[in-house]
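Structure record follows, encoded as structure tokens.
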Amino acid sequence: MNKAKLCIFFFFLACSIVFIIKFISFPLSREKVYSSEHNIRNYKDPRANIVGRNGIALVVGNGTERKYRFGRITSHFIGFYDPRLGMSGIEGDYSQRLIDNNRASLYYFGGSGEDKAPLKVTIDIGLQKVCDEALGGLVGAIVVLDPTTGEILSLISHPNFDPNKKDWKELQKRGDAPLLNRATKGFYNPGSLWKTIVALNLLGKKEITYVSPVSYTVGDKKFKCNHPGTRINSLADAYAYSDNCYFLHRGLTEVSVNDFARTSNQFMSRELPATLKKIDYAFSIIGQGPVLVSPLQESLLAGTIINDGRMQGPVSVKGEKSEQRDIISKSSALSLQQMMVGVVKKGTGRKLSNFLKQGVVGLKTGTAEKDLKKGKKINITSMAGFAYFKGKKNPVSFAVVVEDSRLLAANQCSPIVAKILNYYFSHYKE
Amino acid sequence: MLIARIVTATILTIYAGVLTSLYRHRISWQNESAVIKMTGWICIGYLLPLVLIFSRNDGNFFDFIVLCLFCPVLWLILGVFKRFGYSGPLNLFLLSAMISAVAGLVTQYRLNLYIEKGLLARFIGGERGLPIAVSQFIYIVISMAVVSTLIATGYLNKLLSIIEEKTDALFWGAVSVLLLVLLFVAKKISGSGAPTLLSGSLQPTEIVYKFCFILFLSKYLSRTGMAMVLSFYPVRQMIKEVIILFGLICVFFLVPMLTEMGTALLLFLTFTVLISLISKRWYFIPLGGLTAVIGVFGITVVSARMKERVFHAWLNWQEYISQAGMQPFKAYSAFHGSGIFGTGITNGYPKMTKIASDYVLVAVGEEWGVIGLVLITAGYLLILKEVYLLRTIKPDFRGILLLGLPLTIVVQAFFHISANLGLFVLSGLPLPFISLGGSAYLISFLTVGTIMTLMNGKTEDAEVKKGE
């Protein structure tokens with residue numbers, strides 16, 4: 001028995017040696033696992049600089065010490081990397097590229113470490129500054145995209161933070177979540193903006209004349225109508241004035257939940273089930289209830305419409321290929337473009353109609369209600385749209401979301417979008 | 001940070017020193033200064049990282065104060081042995097106390113997570129639940145106090161005598177079936193895990209594996225005298241006997257445990273090792289290992305969950321990196337980034353799901369490095385060594401029990417380690433004394449206590465014989 005016991009003991013000892021060899025094999029292996037926040041080498045290996053689309057350096061550094069030249073303005077796009085907090089933004093997603101770029105250059109340039117190949121990102125720092133100022137002290141997000149390439153021209157989330165300060169503990173303790181990238185990870189009810197989905201499903205169907213009542217009842221819920229007593233002759237008018245009851249009426253009677261959910265899910269990461277209850281479907285039609293989208297997804301919706309139905313997935317690094325998906329037929333996209341321009345001409349976006357002299361602007365507004373304590377309510381306002389110069393030159397799509405607003409989207413977001421469009425029409429002509 | 005690395009190196013040195021001492025010397029109250037010295041080193045090795053974690057803002061003040069109480073409590077519990085005049089060696093007790101404090105409590109405090117499930121969390125947890133470190137602390141202290149009292153007063157020995165004389169193998173088989181059926185019914189009623197009140201606190205499978213199964217085997221093998229003669233049987237007859245025994249194990253343990261694949265696998269592997277030891281036929285180990293692997297792949301055909309674990313999370317994790325492969329990827333990244341010498345306590349990035357339980361070795365390995373892994377495995381091997389290298393064991397009930405109990409801890413620990421390192425499929429088994437657990441602590445300490453009682457009984461017998 002003694003010999004047998006000894007053998008068993010040595011069997012387990014051999015297992016331990018296998019464990020140790022396996023453990024050592026991890027650090028010695030050449031497998032690329034840089035882009036994980038767990039890998040401490042992310043914080044030790046020197047990284048390359050980051051430059052914007054116009055060649056302006058955004059992040060410069062020596063080794064692992066990095067200076068974020070535009071601090072707060074680029075905080076959510078560039079992100080941060082810190083051993084105690086993890087990684088985010090470009091610093092997180094392209095960690096491997098940043099390290100590899102640096103390594104390659106060190107090799108080719110005799111290890112001087114000076115001539116690093118910088119990572120060129122897609123944001124336009126000028127536009128980024130304008131967006132940051134336009135949002136000011138409001139809580140929300142702005143995304144501006146080039147819909148033909150999917151390149152992100154500007155991405156702003158407020159409140160933001162200064163990555164140079166590295167005051168992570170304090171930032172984490174704050175109640176307003178400054179580290180959360182609201183542009184990509186903030187999911188909001190888009191409100192009337194989502195009527196675009198219903199409109200898309202109603203295109204090609206017979207137009208009706210609808211006299212808007214005071215309210216529209218679904219189950220035991222009464223939905224207030226925006227324009228009681230108004231005669232609405234076309235879908236385009238209803239879209240321009242954003243009439244809830246028109247869309248509820250036609251959506252519930254003419255569009256199946258399945259079709260609505262299928263179209264919605266093309267733009268949403270939190271998918272809608274095809275088995276929505278009638279009341280949830282009614283809320284979804286007006287962009288409330290289970291419909292939750294990020295500002296980036298809203299800008300992709302507008303981008304798909306202006307890009308004749310083809311969605312170009314978002315790209316944040318120059319030279320990277322965008323994922324293409326044909327989502328809407330060209331004719332439907334063209335009709336929606338007309339309807340969105342109609343919103344600016346005569347509807348809820350008419351405060352921006354003076355920009356129509358400089359080019360073409362189309363958009364849709366959306367105001368969703370958020371419940372607060374003691375029955376109080378506050379608004380989440382959204383505006384998503386597109387702009388281009390005559391001849392469909394240099395198009396951009398944009399989305400603006402402002403949280404906790406007491407105003408309607410038309411009043412809250414119009415001044416912000418006006419500043420963005422001002423910059424666009426003066427700088428993007430060529 | 002350099003200070004974290006220095007502290008980690010110091011702790012690892014202390015850990016290694018204590019392990020060496022426990023390996024080389026017999027620590028008992030007959031040599032009081034040795035007990036004091038050993039307890040002192042354990043407490044230093046425990047308090048140093050606590051202070052480091054607290055000073056780096058990773059832990060909160062309340063937890064820190066509660067956890068510091070471990071040192072006086074350990075001393076008081078050791079006093080229980082002295083109070084009742086226990087003269088046996090305390091090596092195993094000190095070893096398990098050190099693993100659960102220096103590796104377990106420190107790791108849980110560093111992770112700074114909260115538990116919502118379980119008895120304690122429901123009664124004394126706040127809005128976020130109860131800090132895992134505090135919950136562990138309470139369970140460890142209660143377990144140590146209960147087990148030390150049972151050993152020192154001799155009640156555990158008496159209990160073993162009653163089990164030896166009054167119970168039968170079939171009785172333990174029936175208890176196992178009853179417990180497993182109860183678990184199954186509770187799952188059906190509550191719809192998840194275990195009964196609502198006890199979920200997260202009570203693991204019937206742990207009791208079945210660590211006690212019912214080993215008691216069943218010990219009773220069966222000693223009653224039939226098989227333990228004595230199995231190795232002398234002709235091969236054909238021996239295989240026949242083993243197959244009959246395996247059939248009984250299937251009926252009483254494996255089949256009712258099918259929903260708990262991990263424990264069933266553990267039980268089978270322990271059986272394989274024990275039977276190869278008693279029969280002195282080594283081919284049982286590779287044969288058992290092969291059967292386990294075939295079994296695991298066989299189950300993937302009928303169980304979608306197992307299929308995901310084997311093919312998505314283990315074998316092809318790279319292809320499923322955004323789904324089931326995410327957790328293994330994070331674990332391997334942590335090992336990759338830890339370097340050979342680890343990042344140092346508080347320098348790692350232990351943020352992944354189930355890091356406090358199923359993946360606790362990742363948290364330890366990342367910060368402690370390969371030396372930490374060596375020390376963790378050495379700790380478990382030391383439990384095995386106490387029985388397998390030092391003792392002459394009779395092939396009776398107590399002897400087989402003594403052989404089986406350390407195996408349950410070591411096989412479970414090695415299973416956990418190999419799963420975390422990607423050497424075998426992950427099945428959600430905790431690492432004894434370190435992973436998040438409730439009653440698992442009591443059971444582990446009770447296992448150690450039983451081993452101590454069994455070993456001490458042997459010593460006393462030997463001394464009596466010597467005296468005669």
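What you are looking at is a predicted structure, and each value in this text was computed from that prediction instead of being measured. The sequence lines fix the lettering, A, B, ..., with proteins before strands; numbering per chain opens at 1.
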Q: Drop me the distance from L277(B)'s CG to C7(A)'s SG, to the nearest 0.5 angstrom.
A: 9.5 Å
(Q) Measuring from atom OG of S25(A) to atom OH of Y332(B), what distance do you get when rounded to the nearest 0.5 angstrom? (A) 10.5 Å
Q) Where do V387(B) and K5(A) come nearest, in terms of heavy atoms and distance? A) O-NZ, 3.8 Å
Q.
Can you tell me if F9(A) has over 12 outside heavy atoms packed within less than 6.0 Å of its CZ?
A. yes
Q. Side chains of I8(A) and I285(B): does their closest heavy-atom pair fall under 4.5 Å?
A. yes
Q) Do you know which two heavy atoms are closest between L421(B) and F26(A), and how far apart they sit? A) O-CZ, 3.5 Å
Q | Pairwise distance CG(L381(B)) to SG(C15(A)) - rounded to 0.5 angstrom | A | 9.0 Å
(Q) Around atom NZ of K185(A), are there more than 12 heavy atoms from other residues, nucleotides or ligands closer than 6.0 Å? (A) no
Q. Checking heavy atoms, do the side chain of I17(A), its backbone, both or neither come under 4.5 Å from chain B?
A. neither
(Q) Quick check: F414(B) with F19(A) (ring centres under 6.0 Å apart)? (A) yes
Q: Counting only heavy atoms closer than 4.5 Å, note whether L373(B) contacts chain A via side chain, backbone, both or neither.
A: side chain
Q.
If you define the side chain from C-beta out and look only at heavy atoms, does anything of L407(B) sit under 4.5 Å from F12(A)?
A. yes
(Q) Nearest 0.5 Å, please: how far is CD1 in I20(A) from OG1 in T377(B)? (A) 5.0 Å
Q: Measure across F23(A) and G365(B) and return the closest heavy-atom pair with its distance rounded to 0.1 Å.
A: CZ-O, 3.5 Å
